[in-house]
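The block underneath contains the structure these notes are about, expressed in structure tokens.
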Amino acid sequence: MSWIHVQHHMALSPSNPPPPPRLAAAATTNSKSANFSQIPSWVSLKRTSSSSSVKTTPPLQQGRVENLHLVSLSKQAKLKEARVFLEQMDEAGVYVTPHSYESLLETCRNLRSLSDGIYIHDRMRRRTVKNPSGFLENCVLRMYCDCGSLVDAQTVFDEMADRNLGSWVVIMSAYAEAGFLDQSFRLLSDMLGLGIKPTSMIYTGLLKYLVNPSLVEIGRQLHSHVIRSGLGSNVAINTAICNMYVKCGWFEGAKLVFDQMDEKDSVAWTGLMVGYTQAGKPEDALDLFVKMVMEGVELDQYVFSIVLKACAGLEDLNLGRQIHSYIVKLGLETDVSVGTPLVDFYVKCVNFESACRAFERISEPSDVSWSAMICGYSQIGKFDESVKIFKSLRNNSLILNSFIYTSIFQACSALADFNLGAQAHADAVKRSLISHLYGHSALVSMYSKCGRLDYATQAFESIAAPDTVAWTAIISGNAHHGNASEALRLFRRMQDRGVRPNVVTFVAVLTACSHSGLVVEAKNYMDSMHSQYGVDPTIDHYNSMIDIYSRAGLLQEAFELIKSMPFDPDKTSWKCLLGGCWTHKNLELGEIGAANLLQLDPEDTAGYVLLFNLYASTGKWEEAAGVRKTMTEKNLKKELSCSWITVKGKVHRFIVGDKHHPQTKEIYSKLEEFDQTLMNNENGLLTEEDDVSYTFPERKQQLVVHSERLAMAFGLISTPTNTPIIIFKNLRACKDCHEFAKHLSDITGRRIVVRDACRFHHFQSGQCSCNDYW
DNA sequence: AGTGCTAGGT
């Protein structure tokens, strides 16, 4: 039994749509030559009695249903099934129509599946398609080009019987896109040699791949050729030339061409504005917009998207609002291509409420619109809202893109949510939605900030060609985990690979030095930044250096640097000095530091705390009392200290002296097992966790357990002994708790990781990775 | 035919 002898009828007409494919149900009664077991019943043409009654309809073309099924498989991107089905059609001798081939080739192109494309092409040559039309040949050609096999494309092109202008466009553009401009131009001269007159498509196909400053000379030559060939007034070509010049950074050329265009529509204007905006000249783009409006050019949604981007670049809230009202007047604010950049504009101007309102007006928000909102929430620190959007998009099977995943990795970094971060990572891998570099760098940083430097390293190693940002992420990760030597080794490896460090890289390098007390090395990096790397130090670098000197007790050097650096010292500069003065008990410089700090910000709580400690540690109790009094008068309250730990995906938060946790009893009794001399606060200093009233000497008996210890104790009783206890806290670790963690790691044999506001501490066998230097 | 918005590292 073969299909081609079976009658066709109306089963597939619109009024009687086919039932959904029932793949398994159809696997029944086929015999002999062809095995049709995988064909849905509505394709195999065995019909029941009811169908034979519709005899009035003329039989459709033989093989029609099979070809429809083939096209349907290909449209669903089921190329594997399509190949199996093709073979069955072959065996049954069913003709495959050119339209089916066209559809299959298109799917191969879209999926970039060269192997399937080769298979289809082979089959076309072997089988029925003896004289393919020029159109179908072009489909094959385009398939090879899009699948990246220019060699095959060239062979097809050379052997084409029915070459048309489209064929030339396809192969020339493909060579240009792949960077083989010499081949494109070789073909252009072949073409001219054959007396074929190129159309505008030929030129625009080439011009769009010349948008690189190094190619501007070639672009100029092509431009002059275009003029000589008589196409100098073609709008499309001139627009493309204009785009090429502006994206090559040759603004005069672009303007010249633009001004000489007789007719220019919004596309030409938009292109030029894009060029200016990308080149960091948003003002010029906005000038063009004003001109455009005055000349009465019709404005479309694309115009507004780029204008809003320009406004966002300038963070010009006023101008943006004016344009917004213009958009509303034109009734364009519900259009997703206008609404989305509008949301982004308000986010960039840190006006989240307006962003929300703009978002609400979009009639059909796209994944890009949601992406902009996710960024907005992250920007105002509402990372949990970002995560909420992500989860609801995912649960509702809405479209997600690599931008969204990148933002979610960032949110997980900020929330230190390892579980969600790892889940999102797996999810993104499954959907092939990790952006090549952006996503990977965000992953490196996410894993590192979640305390998993091992995963961060793995994520980094999986990047084929890490760029400056990716290297910086892994260097910074090692720096914060206290692996200074590894950080510096990576810094050298980066340079060996020819990747240039930038300002941020040096922040990471100095951070590594700072956390390990590498004063000399830091000084060398600082000195070589400008001379050797051409990177000018910013105040952040100077502050790092001040911090390094101060921690090392080189307070005079720190002070000299503050006075001599080419920036006005900011709060951080003085705070670094003051911190060092406390640790190294230098009253004189400490008072200078505190005076300057409190002059810059009289409300800086940390400044008072440091000064209090400085006085207390040098026995100046009267002065210390004065500081405390000032704090009370100013009603300065410290940020509430808290520590948290994730157990089985649930976050357990503790504050100082917390007794709210359901397992409070077990937690406190666990703590009592450990040495009482390691209770906190024994030295009477004010720590980050303490309320001022608890820490005064006369009150020192009133001990309150720090949040960090509560979290550690809870970790001990609720996690398996072979796993590290990972604690996060919002403030810096206090010295006593640090000692306590060392002690705990020693007697319990557990690995303990504590991330405080500055860095990670890895405790093992009574030692900390920071070597007590932090 | 030629055009747009969203993302990484301190």
Side-chain angles (χ1 to χ4, degrees), chain A residues 169 199-205 207-208 234-244 246 261 264-275 277-278 285 300-312 335-345 347-348 362 365-376 378 401-410 413 433-446 448-449 456 459-460 463 466-477 479-480 501-512 538 540-541 543-544:
Chain A
V169 171
T199 54
S200 62
M201 290 253 286
I202 294 280
Y203 294 114
T204 53
L207 284 163
K208 72 173 160 212
N234 180 293
V235 195
I237 295 181
N238 279 327
T239 306
I241 287 173
C242 212
N243 277 322
M244 173 202 55
V246 76
M261 284 171 74
K264 25 181 190 269
D265 52 18
S266 66
V267 178
W269 289 87
T270 307
L272 201 55
M273 289 195 284
V274 170
T277 310
Q278 284 179 352
D300 60 15
Q301 66 272 42
Y302 296 109
V303 174
F304 285 108
S305 62
I306 189 60
V307 166
L308 287 166
K309 186 188 159 94
C311 289
D335 188 314
V336 66
S337 355
V338 179
T340 305
L342 196 53
V343 171
D344 178 59
F345 161 74
V347 167
K348 295 239 165 78
I362 303 175
S366 68
D367 53 323
V368 182
S369 324
W370 286 111
S371 184
M373 285 301 283
I374 289 174
C375 290
S378 292
N401 60 39
S402 61
F403 290 73
I404 292 177
Y405 279 99
T406 304
S407 298
I408 292 306
F409 297 148
Q410 272 184 292
S413 301
L433 280 180
I434 295 192
S435 146
H436 173 54
L437 272 175
Y438 283 66
H440 271 107
S441 300
L443 268 177
V444 171
S445 175
M446 183 271 287
S448 153
K449 286 177 180 165
F460 175 76
I463 306 174
D467 66 355
T468 303
V469 175
W471 281 103
T472 304
I474 193 67
I475 292 171
S476 169
H480 283 106
N502 65 15
V503 267
V504 186
T505 317
F506 280 100
V507 172
V509 166
L510 291 174
T511 304
T538 68
D540 294 330
H541 301 95
N543 284 343
S544 266

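Below, chain A is the first sequence line, B the second, and so on; all start at residue 1.
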Under a 4.5 Å cut-off applied to non-hydrogen side-chain atoms, are Val235(A) and Met261(A) in contact?
-> yes
Flag, side chain of Ser445(A) to backbone of Ser441(A), donor-acceptor distance under 3.5 Å | no
Do Thr468(A) and Asn502(A) meet the criterion of a side-chain donor-acceptor pair at a distance under 3.5 Å?
-> no
Using a cut-off of 4.0 Å on non-hydrogen atoms, how would the nucleic acid contact of Asn238(A) be classed: base, sugar-phosphate, or nothing?
-> nothing
Would you mind reporting whether His541(A) and Val503(A) have side-chain heavy atoms less than 4.5 Å apart?
-> yes
How is Ser476(A) classified with respect to the nucleic acid when contacts are heavy atoms under 4.0 Å: base, sugar-phosphate, or nothing?
-> sugar-phosphate
Which part of the nucleic acid, if any, lies within contact of Gln410(A), taking any heavy atom under 4.0 Å across all strands shown: a base, the sugar-phosphate backbone alone, or nothing?
-> sugar-phosphate
With sugar-phosphate meaning primed atoms plus P, OP1 and OP2, does Val235(A) contact a base, only sugar-phosphate, or nothing at under 4.0 Å between heavy atoms?
-> base
Sugar-phosphate, base or nothing in reach of Cys242(A), heavy atoms under 4.0 Å | nothing
Do Ile374(A) and Ile404(A) have side-chain heavy atoms sitting under 4.5 Å apart?
-> yes
Base, sugar-phosphate, or nothing for Val274(A), non-hydrogen atoms under 4.0 angstrom?
-> sugar-phosphate
Touch class at under 4.0 angstrom, heavy-atom based, for Asp467(A) against every strand present | base
side-chain contact (heavy atoms from CB on, under 4.5 Å) partners of Ser366(A), counting only residues at least two apart = Val336(A), Thr340(A), Val368(A), Ser369(A)
What is the nucleic acid contact for Lys348(A), judged by heavy atoms within less than 4.0 Å: base, sugar-phosphate only, or nothing?
-> sugar-phosphate
What is the 5' to 3' range of DNA chain B, first to last nucleotide, that sits under 4.0 Å from any heavy atom of chain A?
-> dA1(B) to dT10(B)
Heavy atoms under 4.0 Å, any strand shown: does Thr340(A) hit a base, just sugar-phosphate, or nothing?
-> base
Check every strand shown and say whether Asp344(A) touches a base, only sugar-phosphate, or nothing at a heavy-atom separation below 4.0 Å.
-> sugar-phosphate
